[in-house]
Amino acid sequence: MERAHSLEALKAGEATRLLIDTSPDLREQMLSAGVTSIDGVAFTHAHADQAHGIDDVRAFVYRRGARLDAMMNSQTQSLLRARFGYIFETPEGSGYPPLMRDHGLEAGQTASIDGPGGKIELSLFDVVHGREPCSGVRIGPLAYTPDVNGLDQKAMQALSGTSLWIVDALRDKPHPSHAHVNLALDWLSQIKPRLGVLTNLHIDLDYKDLLERLPEGVRPAYDGLQIILAPSDGALIDLSRI
Ligand SMILES: [Zn+2]
């Protein structure tokens, strides 16, 4: 997620960049998107496909010369610290500095990441994702829930007023820890964002088929999809491929 003072500044790369999750293909994704700096990280949860590219932030930390602040719920914090302790603290006997400063963020609390484009304010909210403690992320007009199969009233409140909601839709059949297409569409019809984007699409969903059958205002995501929103009112300015 990027924030910039103007569209020109955004195009010139003068933006604050918040990375949400460190997927295993993080290096390739950053290279193909031309991202050369990041200012902070948020984790939705500790599953391997969300977190195990965590070492790829090292190059960004070298460049900025300082640790990255990383926001996550306290359960995700415990899980990531148990698996990747060296990311957050120098182990005894090691000379390598840590890469991130972790912050446990409770649901509804707000945190901010500062950078060249100004502050990005974010909050996390609890979502159901099978048995895994998992958060959705709300940043002004944007909400992101990549892995979710249940939303309680508090989560729906956290999502209300969203202009762009990027939401899990794994497949057509129901799944024990992910939303299926009709469940995601049902939630979208309640929240009514200007644009709903279905993500986490599995191999049994076809992009073109989805594009044809999804209702107006909902579309499937693809790698490299770039969406530009006006920070003032969340109006959709542009939707394109990076
Ligand atoms: Zn997951």
Side-chain angles (χ1 to χ4, degrees), residues 1 18-30 38 40-57 68 70-85 87-88 100 102-108 111 122-139 142-152 154-156 158-159 162 164-188 191 196-205 207 210 220-225:
M1 196 271 175
L18 170 69
L19 173 67
I20 304 179
D21 294 327
T22 57
S23 65
D25 59 349
L26 183 65
R27 181 173 173 276
E28 286 81 6
Q29 283 199 36
M30 292 303 211
I38 47 179
V41 183
F43 283 99
T44 58
H45 61 298
H47 273 164
D49 54 340
Q50 245 69 31
H52 290 205
I54 200 164
D55 284 282
D56 285 348
V57 301
L68 286 160
M71 313 298 174
M72 63 202 87
N73 69 47
S74 54
Q75 294 156 298
T76 299
Q77 186 178 23
S78 303
L79 290 165
L80 289 181
R81 273 197 162 250
R83 291 169 200 164
F84 302 101
I87 293 286
F88 306 105
M100 291 184 192
D102 52 327
H103 302 274
L105 200 60
E106 296 314 315
L122 69 140
S123 59
L124 304 180
F125 54 96
D126 295 332
V127 301
V128 180
H129 174 36
R131 294 179 184 177
E132 182 75 6
C134 187
S135 300
V137 184
R138 178 77 194 253
I139 302 165
L142 163 73
Y144 180 58
T145 56
D147 286 21
V148 54
N149 68 303
L151 294 167
D152 65 12
K154 278 188 182 169
M156 292 305 267
L159 285 158
T162 300
L164 166 65
W165 182 12
I166 303 168
V167 55
D168 186 11
L170 188 77
R171 63 187 191 188
D172 279 319
K173 276 194 267 179
H175 186 278
S177 57
H178 289 277
H180 54 290
V181 173
N182 281 345
L183 179 56
L185 291 179
D186 179 44
W187 289 334
L188 284 164
I191 297 299
V197 174
L198 305 188
T199 191
N200 212 14
L201 312 168
H202 216 274
I203 50 171
D204 42 5
L205 287 175
Y207 176 80
L210 267 180
Y222 55 82
D223 286 348
L225 173 62

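Whatever order the structure lists them in is the order used to number ligands and atoms, beginning at 1.
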Heavy-atom closest pair, residues Ser135 and Val127: C-CG2, 4.0 Å
message: Against Ser23, only a single residue in Gln29, Gln50, Glu28 fulfils side chain to side chain donor-acceptor pair (under 3.5 Å); can you say which?
response: Gln29
Test applied, side-chain contact (heavy atoms from CB on, under 4.5 Å); reference residue, Trp187; option that passes from Leu159, Asn182, Leu151, Asp168: Leu151
statement: The atom name of the N, O or S atom in His47 nearest to the Zn ion (ligand 1) is ND1
message: Under 2.8 Å from the Zn ion (ligand 1), can any N, O or S atom of Asp49 be found?
response: no
message: Quick check against the 3.5 Å criterion: does His129 have a side-chain atom that pairs as donor or acceptor with the backbone of Glu132?
response: no
message: Please name the atom of Asp147, limited to N, O or S, that comes nearest to the Zn ion (ligand 1).
response: OD2
message: Rounded to the nearest 10°, what angle sits at the Zn ion (ligand 1) between NE2 of His45 and NE2 of His129?
response: 100°
